[in-house]
Structures are given as C-alpha cells and as structure tokens.
Amino acid sequence: MRVRFAPSPTGALHIGGARTALFNWLMARHEGEDGTLVLRIEDTDRERSTPENVAQILDALQWLELDWDEGPISQISRSDRHQEVLAQLLDDGHAYRSTATADDVRAYKARHGADRGFRGTAEGEGAIRLRVPDDGASVVRDVIRGDTTFQHVHLDDAVIARGDGTALYNFAVAVDDHDAGITHVVRGEDHLSNTPKQLLVYEALGAAPPVFAHLPLLHGPDGKKLSKRHGAASVQELRDAGYLPAAVRNYLALLGWGDADDETLIPTAELVRRFDIARVSRNPAQFDEVKLRWMNGRYLRELSTDELTAQLERFTGRTGLRDAVEISREKVQTLADFWPLAGFIFDGPADDAAAREKWLGEAGQAVLADVRSALAQVDPYELAPIEAALRGVVEARGAKPKDVFQPVRVALAGVPVSPGIFETLAVLGRDESLARIDRAIGQTG
RNA sequence: GCCCCCAUGGUCUAGCGGUCAGGACGCCUCCCUUUCAAGGAGGAGAUCGCGGGUUCGAGUCCCGCUGGGGGUACCA
C-alpha cells in the first residue's frame, strides 16, 4: 500500500489537513513494512505557495509526530515530466489548446443548457484542455462512499495547463500519483467532484486509477467551515494552546472514524492497530475544542511528573518547576493552564481587588495573624505538620476550614484559586510563605 | 443555475431488518472536599431531518422532499 499526503502550501496546516495527514499515516503504519507514506507539496499555484508555508507544514507534521517515508516532493520540481505528458496528450488528441475563457464557457452553457459541459475546439494556442467525451461516465470507486457516477455530458473540457504551458492541479495530481505508484488516495471530500477529471487523465494515460477515500469535511462549532474565528484552527495554534500531540492524534482520529467497540481514549499504537479506512464516516464532523481539552487532560495526567515538568519547562521557558507541577498536575487540562494556576509561586501573588476585599477584611486579618504564628512554629516545615498547624488554627478559632484557608490562599496567590493550600505553603517554603502573609496583613480590601 | 455528497441527543459516534437506540464530551444532582480541578455515583437529553413506500417487522433497504456541505478557476 502506498498512500500520500499532499498539502498545498498556501497557508498553515489546518486541523482538517492534519486529520487527512493522520488518516494517511495510520493507513500506512497499519500495514507495517508494506505501507509507505509519500509527502508531496502541491505548489503549482506559484502565486500563493511560499517556502514559509512549506516549512510550517513540515513543522506541524513533525510536532504531530507523523513521519513520512518519501519526500517531501515538490510538485513544481516535476514540471519536466508534466510537460512530457502534456505533449503526449496533445499529440494523441486527448487534449487540445484553446483560448476559450470562463466567459466563453458560460456563453456556451447559455446556448446548450446549464447541465451540458463545455466542449471547445482545438486552436493551436491558449490553455490546454482535456477532451471529455460526451457519452459515458466516470465512476469514482471510494472505500468510504462506494461508487459515485459522474456523467461525462455534465463535465467541462477541463483546463489542465495554463496558456504558458504550466500544469494545473487536476492534471498534475493524477500524473504524480500515478508515477509515485500511489494505491490509495485519501483526501478531503472537497476533492470528490474533481475526481472524474483526474480519472479521465488516468484514462488518457492508459493507467489504472488508485482506490479513493474521500473524508468528510470538518466544520466549526457553528456548523460552518473551520476558520480562525473558531479558536485554535491550525496545528501551531493547537501547540501554542498547550495540547499534547498524542491527545490531538487521538481526538482527530475520532473525528469521522469510530471503531466497533466505540472506545474514546485510544493510544496511538492502538489507533494504528485498529484503524480501518473503510469504517470512516460519511458525514461531516464539528471540531469540538471542549472535548479535546478533556481528552488532553487525560493524556496530561498519564505523564509522569518528570515528563510533565520537562514539557512544561519547555512550554513556559522557565525552570525549576517540578514542585509546582507536582501540586498542580491534577488541575490542568493543557500545558497553557499551568502558569495561570501556579505562576504566582514564582512571580508572586496576583493583584485581585475582589479577592482581597472578600477574604482579607477584618476577619481575614485576624486569621492571618493566627496562621502566621502557627506557621512560624511548625517544625519541621513540611506538608503534614503544616496541615496540622492550619487545622489547629481552624479548631482554635472554631471556624469553618474555608474561612481560614481562603485568606491564606489569597495572601499567597492573590486569587481565590490555587493548588492545595498545604502543598502550596510547603512548596513556597517558610520564609516566603511568612513574607507573603506579612505583606497581606495590613493590606485591607 | 447545474453536478455531486451527506443527514442517530447540543457535539463526536456505535448500530449494518427484530436492541429498553449503546458509549464519550458537555450539562444537572449527589459524594469527596480548603478553592479550583481531578475522581466516584446517579440524572436529564433522540418521535434516529420530513413524507411516502418495501417488509410480519426499518435508524438500518428504495423513492421524493427539506436542510446542510462540496464542486462548477488558466486555485488546490
């Protein structure tokens, strides 16, 4: 089995593209030694293709840990071969040159009926069009959708090369897939309608077409096409939002594909083992970041504290995070959640007037004074004794735990949300803890 | 306009002629509890888009409609 992922470098790799890459990768890896994934960059649109985008796509694939076996092959680098085939098709009458414009095509349809495809006449100059027969039909054999028949009468004589002779997508893709020995073309459903044109190119080449698999498209939460306003839409945005590649792979795999047992948390190795392209769904899916967040949290908690610390230090650019990670790992879903929760340990308490007002009033001040003296005597200054000391204050004051712990929390973190209070006190150390409490005392709301 | 695809709770899905239509996210309640989470236990939520068929029996098969999406570029 030989599959390919063929993005066009006209922008960053979006979630839809990432899923297409993933499905191709899963197919190839499922076959083990017999599976090959070819990466081809479809850069025939010289206006919009940029080296920056190519680099970005490669970077995204690497981050997702989706490796390829051949390529990346630039489609433009195959221009000579394209010219060769073009000349051949021109020569044997499968294609012809025509100066007909889009307006001419429209006019033709006005005359012949909207459901009649445009047929031009050979002029010896202009763009190169594929000669489409009026009779017969092309059948797209798709492992997900079954057979789809396109009557040739409805098809236009497609332009396969520009007036300057450079190849266009529907032609280049067929030639390149054929030359690369691609056996299964797995891509988005937006390509389904263009497939008969490609089939006609295969036919003109006298070549057998590959098997197709058109994946349902991905939509945003509003059912519309996915775009930036839907939040993290590109792979790099997902990375910046603190998601783990393994979680992204798991989530994306479930967008349009489901195993018979309908499991939700499926590690990559298991994905590879179970993946079956024929089981891919036919209906479009909405990208739901809330579910991704949940799943990411599950993957995050499976990491050892050392691993998670390493990831978090890379993500935040800070070091010495291990103790803080240890006490907050149960409370974050993404790498990006960590700093807002635990950053105060390193950068000092945040300034939240509402929290101060609520917890550092008269009652709070009194509590802090008691806590301060209790903490000053804790020995050793460790988790268990710290907890005992604070609970002692609760008991001595006959207060509710919350009325003691929240003022302390606000004194330490500045906000009413933080990792466990005993743990935080321990991680901060006695000096820093007392210093922060002292600072809070006298600071009225 | 024309061609094509699709249709199970809000979302992702299981289902492949006979199930109380199952699971996951989210939501609600309760437990745990120092906050927030995490975890545990329950719960609400689907006349399987609508209408016709076929069949003893249809979410599952067929037709129509509606809705959504894609294509219709000298873009990919």
Side-chain angles (χ1 to χ4, degrees), chain A residues 6-10 42-49 75 98-102 105 109-110 113-118 126-129 140 142 145 148-151 153-156 158-166 168-170 172-173 187-197 214 216-217 219 221 223-225 251 254-265 279 281-288 290-295 297-298 301 328-333 337 341 355 359 387 390-391 394 400-406 408-410 413 415-422:
Chain A
S8 74
T10 52
E42 311 228 307
D43 51 1
T44 50
D45 183 342
R46 304 314 288 160
E47 299 289 304
R48 298 192 298 154
S49 300
Q75 196 154 45
S98 162
T99 58
T101 63
V105 171
K109 294 198 182 196
D115 59 342
R116 309 284 300 180
F118 171 77
I128 302 177
R129 284 185 185 267
V140 179
D142 189 300
R145 282 155 216 281
T148 301
T149 303
F150 293 85
Q151 297 297 331
V153 258
H154 300 313
L155 267 37
D156 293 333
V159 176
I160 57 175
R162 300 179 177 91
D164 64 7
T166 54
L168 253 20
Y169 172 73
N170 285 119
V173 73
R187 67 212 329 183
E189 198 208 310
D190 49 335
H191 291 286
L192 180 58
S193 296
N194 284 322
T195 307
K197 298 175 191 171
H214 288 96
L217 262 22
H219 293 168
K224 297 277 169 49
K225 219 175 155 164
Y251 178 73
L254 258 25
L255 243 34
W257 174 81
D259 199 22
D261 64 14
D262 213 19
E263 290 285 331
T264 302
L265 262 2
R279 282 191 60 93
S281 156
R282 281 178 292 272
N283 37 342
Q286 289 187 22
F287 175 69
D288 178 14
V290 174
K291 187 164 184 176
L292 206 212
R293 280 186 63 83
W294 164 80
M295 190 173 280
R298 295 291 302 246
R301 269 169 263 126
S328 32
R329 52 171 302 153
E330 294 298 310
K331 302 172 187 293
V332 298
Q333 286 187 305
D337 288 345
L341 177 72
W359 297 105
E387 175 166 358
L390 256 66
R391 292 204 185 278
V394 170
K400 287 201 262 189
K402 181 195 254 184
D403 293 326
V404 170
F405 300 153
Q406 282 302 82
V408 177
R409 190 185 310 282
V410 173
V415 291
V417 175
S418 81
I421 198 68
F422 315 126

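Throughout, a chain's letter reflects where its sequence line sits, starting with A, and its residues are numbered from 1.
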If you check every side-chain atom of [X], which of [options] has the closest atom?
X       : options                : answer
R145(A) : U72(B), C6(B), G23(B)  : C6(B)
S193(A) : G71(B), C25(B), A76(B) : G71(B)
D115(A) : C5(B), C2(B), A76(B)   : C2(B)
D288(A) : C74(B), U11(B), A24(B) : U11(B)
D190(A) : U8(B), C5(B), G71(B)   : G71(B)
V159(A) : C5(B), C3(B), C74(B)   : C74(B)
A285(A) : U13(B), C6(B), G23(B)  : U13(B)
L192(A) : A76(B), C25(B), C5(B)  : C5(B)
A114(A) : U72(B), G1(B), C12(B)  : G1(B)

Separation between the [atom1] atoms of [N] and [M], rounded to whole Å:
N      : M      : atom1 : answer
C16(B) : A73(B) : P     : 42 Å
A46(B) : U19(B) : C1'   : 15 Å
G51(B) : A38(B) : C1'   : 49 Å
C50(B) : G59(B) : P     : 11 Å
C28(B) : G64(B) : C1'   : 41 Å

Using a 4.0 Å heavy-atom cut-off, write out nucleotides 29-48 of chain B from 5' to 3' as B (base contacted by protein), S (sugar-phosphate only) or - (no contact). -----BBBBSS---------
Partner nucleotide of C2(B) by Watson-Crick or wobble geometry (both distances under 3.5 Å):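 Base partner found: G71(B).
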Who is the Watson-Crick or G-U wobble partner of C25(B), with both distances under 3.5 Å?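 G10(B) is the nucleotide pairing with C25(B).
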Residue pair H214(A) / E189(A): nearest heavy atoms and the distance that separates them: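 Of all heavy-atom pairs spanning H214(A) and E189(A), the closest is CB-CA, 4.0 Å.
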Shortest non-hydrogen contact between W359(A) and V410(A), atoms and distance: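 Closest pair (atom of W359(A), atom of V410(A), distance): CD1-CG2, 3.7 Å.
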Under the salt bridge (Lys or Arg N to Asp or Glu O under 4.0 Å) test, which residues partner D164(A), sequence neighbours left out?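 With neighbours one apart ignored, the set is empty.
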Under the side-chain contact (heavy atoms from CB on, under 4.5 Å) test, residues paired with R129(A) that sit two or more places apart: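 For R129(A) the side-chain contact (heavy atoms from CB on, under 4.5 Å) partners, ignoring immediate neighbours, are Y96(A), S98(A), A100(A), V105(A), F118(A), D157(A), V159(A).
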